[in-house]
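Proteins get letters first, then strands, A, B, ... in listed order; numbering begins at 1 in each.
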Number of protein chains: 2
Amino acid sequence: MSQARGGNGGRPKRPTMVDVAREAGVALRTVSRVVNNDPTVGPEYVSKVEAAIAALNFRPDERARQLRTGVTGTIGAAVRRIAEVNPELAAIEQTARDCGLTLLAASTDFDEPREREILISMCRQRLDGIIVEPYGENHAYLQPELDAGMPLVAMDRPMSGISVDCVMSDNASGIGIAFHHLSQHGHRRIAYIGDSELVFSGRERAAAFRAALRAHGQPIEGLVHPGPITTERVCAALDTALHGDDPATALVTGNMDTTLTVLRCLGPQAAAQLAIVGFDEVPLADLLQPALTVVAQETFTIGRTAVELLRARMADPSRPVQTVVVPVTLKVRGSGELKP
Amino acid sequence: MSQARGGNGGRPKRPTMVDVAREAGVALRTVSRVVNNDPTVGPEYVSKVEAAIAALNFRPDERARQLRTGVTGTIGAAVRRIAEVNPELAAIEQTARDCGLTLLAASTDFDEPREREILISMCRQRLDGIIVEPYGENHAYLQPELDAGMPLVAMDRPMSGISVDCVMSDNASGIGIAFHHLSQHGHRRIAYIGDSELVFSGRERAAAFRAALRAHGQPIEGLVHPGPITTERVCAALDTALHGDDPATALVTGNMDTTLTVLRCLGPQAAAQLAIVGFDEVPLADLLQPALTVVAQETFTIGRTAVELLRARMADPSRPVQTVVVPVTLKVRGSGELKP
DNA sequence: TATCCTCGCGATAACGTTATCTCGAAGGTG
DNA sequence: CACCTTCGAGATAACGTTATCGCGAGGATA
């Protein structure tokens with residue numbers, strides 16, 4: 001009850017293994033053995049030490065253990081946002097837990113210096129490995145860490161300037177599926193609105209969409225609108241795509257943020273009449289009217305694979321670098337099946 | 001380029017301050033001073049050491065630093081779910097960053113043993129403090145940690161068995177506001193569906209709703225439906241509330257999960273005709289038809305306050321335990337203003 | 001010129017754990 | 001009975017940092 005904090009106002013000193021050893025009347029090494037469940041300790045010593053541990057409320061200091069053994073039992077995940085819907089991160093956490101690894105997650109928050117800060121910090125903490133959803137454009141500064149044996153895995157997009165394992169979705173195939181689906185439902189003019197081509201996935205998806213247009217012998221002009229995801233830019237793109245003299249009758253949106261921005265720009269009435277297939281799952285997609293047809297990434301597979309790649313590299317630092325491409329699947333819900 | 005890993009297959013040894021000192025031809029202590037920006041080092045020494053650091057790609061080992069200094073510069077957050085929408089956690093991360101603190105976040109995942117495991121692990125890591133969104137019902141096992149000076153703050157609900165700082169929303173007031181709002185829009189029979197009364201917030205909110213009914217001189221029978229949030233239970237509750245001989249014309253839902261389950265049970269048509277005020281903000285609430293009126297918690301304030309309480313306790317372990325109640329606000333969007 | 005600071009750097013002891021080695025006792029064998 | 005092996009526990013040295021102390025050089029003062 002009394003929060004005895006040793007009068008000096010600072011934090012009280014916690015008991016250490018030395019204190020436990022003194023209390024139990026055994027050697028320091030014996031305490032360590034008991035704490036680590038070493039079977040070569042006699043039962044009477046075990047009980048003496050355990051009694052002392054309970055009496056002093058001893059808890060081993062993980063930092064000292066890590067310093068001595070060299071491993072932390074912790075992997076880092078530098079993702080764009082924790083605290084937002086992020087199924088990959090959930091999969092990473094669950095997989096890591098199953099492997100007995102602790103997860104240290106941090107948000108790079110769409111900020112390159114911050115990403116760098118986080119990654120360097122994780123290296124200083126000597127984490128056993130790092131999974132990163134890269135945001136910055138040049139990660140060459142991590143080469144020394146790689147050389148020093150830090151296992152590193154890229155998720156969702158590759159890293160430039162260094163050669164690391166990577167797991168990502170099949171963006172091109174996803175765009176192709178969306179286009180084909182709308183085409184099969186009778187649409188001849190299909191427009192694309194997506195993220196900036198400065199971003200890797202934005203680049204890949206816009207390119208895939210242009211390829212789909214070409215494959216169907218359609219012109220590209222006025223139909224492909226990559227760019228920053230702001231209300232103004234998206235509304236302008238919608239205006240161009242839908243209100244020309246040869247308006248598009250269907251829409252592919254390049255990621256979740258784009259999808260939501262498009263829905264808000266259109267408003268409920270217009271959105272309910274336009275055929276839309278979104279890239280990325282959207283929360284509450286089933287509650288919208290019509291429910292939203294999307295190309296969903298296998299987010300759980302991506303997260304789990306990231307951990308598996310990381311563990312493989314931890315186990316064998318010299319194994320060849322590998323890129324895993326995860327397929328995507330179409331979720332038919334209504335919005336993508338509207339007629340022109 | 002070559003990931004020189006020192007032939008043995010294991011991880012190569014990283015250079016330490018000793019190596020840097022040898023390379024620079026100075027004493028170990030001088031390297032430490034340079035790394036810590038100690039101003040009492042001569043400029044020529046600084047440049048010699050910095051050159052050696054760059055040459056060897058030295059990065060200080062944070063674990064050793066922490067062991068020596070005693071502080072980790074890291075606070076822990078044990079929340080129900082990272083990787084889902086969690087504005088409190090986002091606020092915690094941002095506030096912690098602003099204070100120069102690293103955040104270690106983990107999901108308790110609605111699992112009492114797991115919560116316990118996480119909290120104990122954080123204590124073993126000697127974090128500077130812990131914020132916990134409590135799930136389990138008895139946290140007395142943390143008393144030794146408190147006694148040992150571990151700062152601890154509860155978020156969203158109090159902890160039982162120990163006395164710690166706490167920050168939470170004004171649940172009773174929120175329910176009162178929702179009830180009053182529907183009442184003012186002409187509703188005489190208003191039902192409540194919410195989380196189980198085994199959960200703290202479920203208990204508080206159900207109690208507040210009963211109090212509101214009593215204050216308006218209304219009977220309680222058939223109108224208050226706390227319980228587990230499953231489709232079956234919620235649909236049954238809806239059936240009781242809406243299809244009796246004196247059916248409710250409006251609904252208060254007790255948290256986000258309940259709100260979403262109710263919407264799914266009702267289906268779009270019925271949902272569009274029933275007056276609903278939800279407790280908790282819902283993602284995409286503005287895209288629904290009608291848009292959803294909710295009682296929103298000041299999630300950012302809650303997260304920021306949690307960090308502030310934690311820092312205050314870190315600074316002064318003997319300060320009196322404090323509970324901060326944060327007000328809630330009504331977001332009028334449409335669903336709560338429907339007539340009976 | 002002798003004395004006293006101040007300043008800047010180096011030697012060395014922690015921090016709390018694990019790993020290596022040593023050593024005594026017990027038990028089996030020739 | 002001497003010797004070898006095995007087993008369990010203790011002494012002590014790491015791990016990579018920071019903090020305490022000391023010491024020599026240089027300038028100020030009398």
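C/dT18 atom P lies 12 Å from atom CG of B/L67, rounded to whole Å. Per the geometry, CZ belonging to B/R126 stands 7 Å off P belonging to C/dT17, to the nearest Å. What separates CG of B/N36 from P of D/dA19 is a distance of 7 Å, to the nearest Å. The separation between B/M17 atom CE and C/dT12 atom P is 19 Å, rounded to whole Å. Atom P of nucleotide C/dT18 and atom CZ of A/R63 are separated by 14 Å, given to the nearest angstrom. Across the protein-nucleic acid pair, B/N37 atom CG and D/dT18 atom C1' stand 15 Å apart, rounded to whole Å. Distance A/D38 CG to D/dG10 P: 13 Å, rounded to the nearest Å.
Between the side chains of A/T299 and A/E88, no donor-acceptor pair of N or O atoms lies under 3.5 Å. Defined by atom type and a distance below 3.5 Å, a donor-acceptor pair is present between the side-chain atoms of A/T40 and A/D38. A donor-acceptor contact under 3.5 angstrom links the side chains of A/D128 and A/T72, judged on distance only.
B/T69 comes within 4.0 angstrom of sugar-phosphate atoms only, judged by non-hydrogen atoms across all strands, and of no base. Within 4.0 Å of A/T16, counting heavy atoms only, lie sugar-phosphate atoms of the nucleic acid but no base atom.
Ranked by how close their nearest DNA chain C nucleotide is to the 5' end, B/T30 and B/A64 are led by B/T30.
Taking every heavy atom of residues 39-48 of chain A and every atom of DNA chain C, no pair lies under 4.0 Å.
Separation of atoms CD (A/Q125) and CZ (B/R63) is listed at 9.5 Å; rounding is to 0.5 Å.
Relative to the ring axis of B/F58, B/R14 does not place its NZ or CZ within 45° and under 6.0 Å from the centre.
Heavy-atom contacts from other residues, nucleotides or ligands closer than 6.0 Å to CZ of B/R59 number more than 12.
Listed nucleotides: C/dT17, C/dT18, C/dG16. Nearest to the side chain of A/P60: C/dT17.
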Look for any protein N or O under 3.5 Å of an N or O in nucleotides 11-14 of chain D and output each such pair with its distance, or none.
from   : atom 1 : to    : atom 2 : distance (Å)
D/dA14 : N3     : A/R68 : NH1    : 2.6

